[in-house]
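Have a look at the structure below before the remarks.
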Amino acid sequence: QLQLLESGGVLLQARGSLRLSCASSGRTFSSSAVGWFRPAPVKYREFVAAISPLGGSTYYADSVKGRFTISRDNAKNTWYLQMNSLKPEDTAVYYCAARHSNVPSTITQAYDYWGQGTQVTVSS
């Protein structure tokens with residue numbers, strides 16, 4: 001059975017760092033673009049970061065650029081979101097996602113598979 005399982009969410013203080021992981025089982029996504037999203041006030045989910053299959057291309061939301069880094073380890077069927085200089089406004093449930101296409105997308109509807117989410121809470 002296909003599953004995307006996020007882990008790493010915690011409660012931490014502002015300016016701290018955290019790494020989220022998304023492990024896939026039941027299917028390999030080594031040829032797929034994958035990403036991270038979080039809920040937004042006026043959107044279902046907003047784009048956070050995405051990465052191409054071999055990691056050569058990465059994309060970030062302006063709000064996290066310079067602070068977050070997406071990476072992947074295809075041998076482990078896992079991708080990551082390194083989060084540095086965290087702010088209270090980064091508090092959210094973070095969802096990992098994968099798509100059939102090898103082209104990264106910032107659009108929520110472009111992704112075909114989703115994890116259940118992991119909670120990140122940043123206190124001021």
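Note: hydrogens, waters and symmetry copies are ignored here, and every other heavy atom, side chains too, is used. Computed from a predicted model, the values in this text were never measured in an experiment.
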Stepwise side chain to side chain contact (heavy atoms under 4.5 Å, CB included) check, Q119 with T91: CA-CA 8 Å; Q119 176 72 48; T91 294; 4.0 Å; yes
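- Taken to the nearest 0.5 Å, the CD1 atom of I107 stands 15.5 Å off from the CZ atom of R45.
- Evaluation of the salt bridge (charged side-chain N to carboxylate O under 4.0 Å, His left out) test over residues 22-41, restricted to residues two or more places apart or in two chains, returns R38-E46, R38-D90.
- Remark: Y60 engages no residue in a ring pair (Phe, Tyr, Trp, His ring centres under 6.0 Å) (not counting sequence neighbours).
- Between the OG1 atom in T69 and the CG atom in L81 there is a gap of 8.0 Å [rounded to 0.5 Å].
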Show, in sequence, the C-alpha distance, side-chain angles and deciding distance for Q3 and Y113, and conclude whether the side chain to side chain contact (heavy atoms under 4.5 Å, CB included) test is met. CA-CA 8 Å; Q3 272 193 317; Y113 305 97; over 6 Å; no
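- Closest approach of S17 and S85 over heavy atoms only: OG-N, 4.3 Å.
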Report all side-chain donor-acceptor pairs from residues 30-37 shorter than 3.5 Å, counting only partners two or more places apart or in another chain.
{"from": "S30", "atom 1": "OG", "to": "T28", "atom 2": "OG1", "distance (Å)": "3.4"}
{"from": "S32", "atom 1": "OG", "to": "R99", "atom 2": "O", "distance (Å)": "3.0"}
{"from": "W36", "atom 1": "NE1", "to": "Y80", "atom 2": "O", "distance (Å)": "3.4"}

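- Annotation: salt bridge (charged side-chain N to carboxylate O under 4.0 Å, His left out) contacts involving residues 55-65, sequence neighbours excluded, comprise D62-K65.
- A donor-acceptor pair under 3.5 Å is formed between the side chain of D112 and the backbone N or O of H100.
- Atom CG of L4 sits about 7.5 Å away from atom OG of S25, to the nearest 0.5 Å.
- Distance alone, capped at 3.5 Å, places no donor-acceptor pair between the S21 side chain and the S7 backbone.
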Please evaluate residues Y95 and T108 with respect to the criterion side chain to side chain contact (heavy atoms under 4.5 Å, CB included), reporting the C-alpha separation (whole Å), side-chain torsions for both, the decisive distance (0.1 Å), and the verdict. CA-CA 11 Å; Y95 298 90; T108 306; over 6 Å; no
Output, in order, the C-alpha distance, side-chain angles, deciding distance and verdict of side chain to side chain contact (heavy atoms under 4.5 Å, CB included) for L20 and M83. CA-CA 8 Å; L20 304 182; M83 309 165 73; 3.7 Å; yes
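- Looking at every heavy atom in both residues, E6 comes nearest to Q116 through OE1-N, 3.0 Å.
- Residues L18 and L11 fall into different hydrophobic clusters, defined by Ile, Leu, Val, Met, Phe, Trp and Tyr side chains chained together at heavy-atom separations under 4.5 Å.
- The cluster map of Ile, Leu, Val, Met, Phe, Trp and Tyr, joined by side-chain heavy atoms under 4.5 Å apart, puts Y111 and F68 in different clusters.
- The hydrophobic clustering, which links ILVMFWY residues whose side-chain heavy atoms are closer than 4.5 Å, places F47 and V93 together.
- For S52, the side-chain contact (heavy atoms from CB on, under 4.5 Å) criterion is met by S57, P104, not counting sequence neighbours.
- Residues satisfying the side chain to side chain donor-acceptor pair (under 3.5 Å) criterion with Q13, sequence neighbours excluded, are absent altogether.
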